[in-house]
Amino acid sequence: MPPLIRTDMMIPYVFKFKLLTILAMIGLTAATGCNQTGGEANTTASSGGFFSGGQKALPQPNTDSLFVLNYINKTPKFKDQKEWMFKFYGDRDYSLAWFRDNELVPESEKFLSVLNNASKEGLDPKRYKLVDIDQMLKKLKELPPQDSSRLALQQQIDIALTASYFNYASDFYRGKVDPRAQNKVKWDVKENKIKLHKALQTILKERDSTYPYYEFEALHAGYIKLRDALNKYRELQAKGGWAKVEMGKNKLLEKGDTAKAVVSVRKRLNPEETFDANNKKLWLYDENLQKQVKEFQRLHGLKEDGIVGGNTLAMMNVPIEDRITQIMINMERWRWIPKRMVPKSLDQKYIWVNIPEYKLHIYEDPDNDPEAEREYKEVMSMRVIVGKTMNSTPIFSDKLEYVVLAPFWNVPNSITEKEIKPHMLNNPGWLATQDMEIVTKEKNPKQISPYSIDWAGVTEENFPYRVRQKPGRENSLGMIKFLFPNEYAVYLHDTPADALFSQTERDFSHGCVRVEKPVELAKYLLQDMPEWDENRIRQTMTGGDETWVTLPKRVQVYLVYFTSWVDDDGNLNFREDLYGHDKKLEQEFFG
């Protein structure tokens, strides 16, 4: 017969804490046997708690790993938190977390309130109320102080609170949807690795932290602003939301027009006000209404012409329920952002490219303090051009290392096959007309004659050379690029097609990000290298020789996808779901 395997052998700390439990019970027996006369050995709970009135109380119990394991196995949804549970209780030698001297700590009441109000965070409270903690607490209050069943009940309450915390905190701090586990959700930004057991220690005031865990608060201002907007929109929804704009026979409405439909526009832009549709003074599309329409267009990424119709009308008629959903899934994206935006080893600044906004922002901590939690301030912004739907710009984070002046454009093999190959089949001399050449893929590349290549057989996978465009004003990268080496071969760069920045929707690239103000960006990145002033930057850009400048410190870069956010002026913005990522995330979040 094979030897019996004890399950407690596989669980950390179990022997130690079984011994502690046995010793506690021995102490309990001694206490109840020797305290008949009510002498100094009596254990009395503090007044004002569960055991007021000077009654004798049992010693504060501990728990052990087997009790934890058995309890969470009874609730299948708690099993996902098993690892966090053992980390947390292991670190504290399996002492109870939510009790002090048999009294519940104040943080327990606050946490239960947080669960009850999870909907304010765009989360469903029912998802986190897997056990009836309130009923357990009621039962505990009803038990006499010396009832031995209190020992097991306190353990159950403590573990239920802790498991419920991890169940909630996992969603609140790290996201309900794991973007790395869902192939549909495109997100390769650095992972948010918040340690939930350490966060709980902070909440219970057992350790210090520069992050606001102890307040059950979110980590990023962008999330908090969206949360406030969510609750305002829900209040508006409860009052009926906004009315659909009815245009009647009007295809367009603009300043100077007079029509009953103008009142419908007023109602949409001022949903909490009352308008008399029969008051013909309100039928005039006046200057004030035009300003409101332009502001609406600005906040929705539309052409600011003050004309209602087309895309503006479509945006106005998006139901409030859809906007609430949009806010919630963008709050979810904030949960995926690392708690520390910039590593301590770097200067506390970062580049933030929001793809649906078609914009680049640079944020800095004015004190450049890597130790303290901070609020970054925007110091620069500019328009960008991003990838077409078929060549979407990827969502990821990395660190910018090089500024390259007068760059070659090394054409990806995919573009060589799809776009260059057809030209070469018709005219083998076409490359020369584009100031392009073919070279070997080595440190000191050698030129290859385009006439020596069988273009009919060229594919992305088998092309052994590199097609590149020489530096110059017509170079597709413009005259400067900003490199953060990554698996996507995506970077920031200049462009000769400056006119495209005037477009409202700017998805024209093959995936890289074209920047509106490349020289200003270069000056910012090279500001700690005084030898690279604006004059030298411009001279080198136009000099014709590719020049690489290595930054003294790398700079954190985020390429992200937010279709809803609150700007620095407190205005809620919405954008179109350019690549359809919102729809996929919505399915996972609410599925």
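For clarity, every value in this text was computed on a predicted model and none was experimentally measured.
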Test log, rule side-chain hydrogen bond (donor to acceptor under 3.5 Å, both in side chains), inputs Tyr223 and Arg335: CA-CA 8 Å; Tyr223 173 96; Arg335 299 182 187 114; 3.1 Å; yes

Verify side-chain contact (heavy atoms from CB on, under 4.5 Å) between Val293 and Glu254, making sure each step is shown before the conclusion. CA-CA 9 Å; Val293 171; Glu254 56 186 315; over 6 Å; no

Is there a side-chain contact (heavy atoms from CB on, under 4.5 Å) between Trp430 and Ile420 once you walk through the steps? CA-CA 9 Å; Trp430 181 82; Ile420 292 178; 4.2 Å; yes

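A cation-pi arrangement is found for Arg468 relative to Phe408, the charged atom lying closer than 6.0 Å to the ring centre and inside a 45° cone about the ring normal. Remark: Arg323 is positioned above the aromatic ring of Phe574, its terminal NZ or CZ atom under 6.0 angstrom from the ring centre and at most 45 degrees off the axis. Relative to the six-membered ring of Tyr579, Lys186 misses at least one condition, a distance below 6.0 Å or an angle of at most 45° to the axis.
Among all heavy-atom pairs drawn from Pro356 and Arg575, the shortest one is O-CG, 3.7 Å. Considering all non-hydrogen atoms of both residues, Arg536 and Glu531 come closest at CD-O, 3.1 Å. Nearest approach of Gln297 to Asp305, heavy atoms of both residues: NE2-OD1, 2.9 Å. Nearest heavy atom pair, residue Val189 against residue Pro338, reads CG1-CD, 4.2 Å.
Ser476 and Gln469 form a side-chain donor-acceptor contact under 3.5 Å, judged by distance and modelled atom types alone. Side-chain N/O atoms of Asp369 and Gln348 include no donor and acceptor closer than 3.5 Å. A side-chain N or O of Glu364 and one of Tyr524 form a donor-acceptor pair less than 3.5 Å apart. Side-chain atoms of Gln326 and Ser564 form no donor-acceptor pair, as typed in the model, at a separation below 3.5 Å. No donor-acceptor contact under 3.5 angstrom links the side chains of Glu83 and His197, judged on distance only. Looking at Asp322 and Thr325, their side chains never bring a donor and an acceptor atom within 3.5 Å of each other. If you check the side chains of Glu332 and Trp334, you find no donor sitting under 3.5 Å from an acceptor. Side-chain contact annotation: Tyr561 with Asp577, donor-acceptor N/O pair under 3.5 Å present. Judged purely by distance below 3.5 Å, without hydrogens or angles, the side chains of Thr563 and Asn330 pair a donor atom with an acceptor atom. Between Arg207 and Thr202, the side chains place a donor N or O and an acceptor N or O closer than 3.5 Å (distance only, hydrogens not considered). A donor-acceptor contact closer than 3.5 angstrom is absent between the side chains of Glu419 and His423.
For the pair Met380 and His361, the minimum side-chain heavy-atom distance is 4.5 Å or more. Using a 4.5 Å heavy-atom threshold, the side chains of Leu551 and Leu526 count as touching. At least one side-chain heavy atom of Leu431 sits under 4.5 Å from a side-chain heavy atom of Met424. A heavy-atom distance below 4.5 Å is not found between the side chains of Tyr233 and Met328. At least one side-chain heavy atom of Lys470 sits under 4.5 Å from a side-chain heavy atom of Glu437. For the pair Leu196/Ser170, a side-chain contact is recorded, criterion being any heavy-atom separation below 4.5 Å from C-beta on. Contact check for Trp532 versus Val403: no side-chain heavy atoms found under the 4.5 Å cut-off.
Between Tyr465 and Phe463, the ring planes are perpendicular. Angles over 60° get that label, and only those under 30° would be called parallel. Below 30°, between 30° and 60°, or above 60°: for Phe166 and Trp84 the angle between ring planes is below 30°, a parallel geometry.
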All N/O donor-acceptor pairs, side-chain side in residues 477-499, below 3.5 Å, sequence neighbours left out:
{"from": "Asn486", "atom 1": "OD1", "to": "Tyr488", "atom 2": "N", "distance (Å)": "3.0"}
{"from": "Asn486", "atom 1": "OD1", "to": "Ala489", "atom 2": "N", "distance (Å)": "3.0"}
{"from": "Asn486", "atom 1": "OD1", "to": "Val490", "atom 2": "N", "distance (Å)": "3.2"}
{"from": "Asn486", "atom 1": "ND2", "to": "Phe484", "atom 2": "O", "distance (Å)": "2.6"}
{"from": "Asn486", "atom 1": "ND2", "to": "Val490", "atom 2": "O", "distance (Å)": "2.7"}
{"from": "Tyr488", "atom 1": "OH", "to": "Asp188", "atom 2": "OD2", "distance (Å)": "2.9"}
{"from": "Asp494", "atom 1": "OD2", "to": "Met479", "atom 2": "N", "distance (Å)": "2.9"}
{"from": "Thr495", "atom 1": "OG1", "to": "Ala497", "atom 2": "N", "distance (Å)": "3.1"}

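Ring centroids of Phe562 and Trp352 are separated by less than 6.0 Å, placing the two rings close together.
Of the charged side-chain nitrogens involved, at least one lies within less than 4.0 Å of a carboxylate oxygen, so that Lys553 and Asp347 count as a salt-bridged pair. The pair Glu534-Arg538 counts as a salt bridge, with a side-chain nitrogen and a carboxylate oxygen less than 4.0 angstrom apart.
More than 12 heavy atoms of other shown residues, nucleotides or ligands fall within 6.0 angstrom of atom CD in Glu520.
Judged by distance alone, with hydrogens and angles left aside, the side-chain atoms of Asn573 form a donor-acceptor pair with the main-chain N or O of Asn571 at under 3.5 Å. Formation of a donor-acceptor pair under 3.5 Å by the Arg473 side chain with backbone atoms of Thr542 is not found in this model.
To the nearest 0.5 Å, atoms CG (Leu253) and CD (Gln290) are separated by 12.5 Å.
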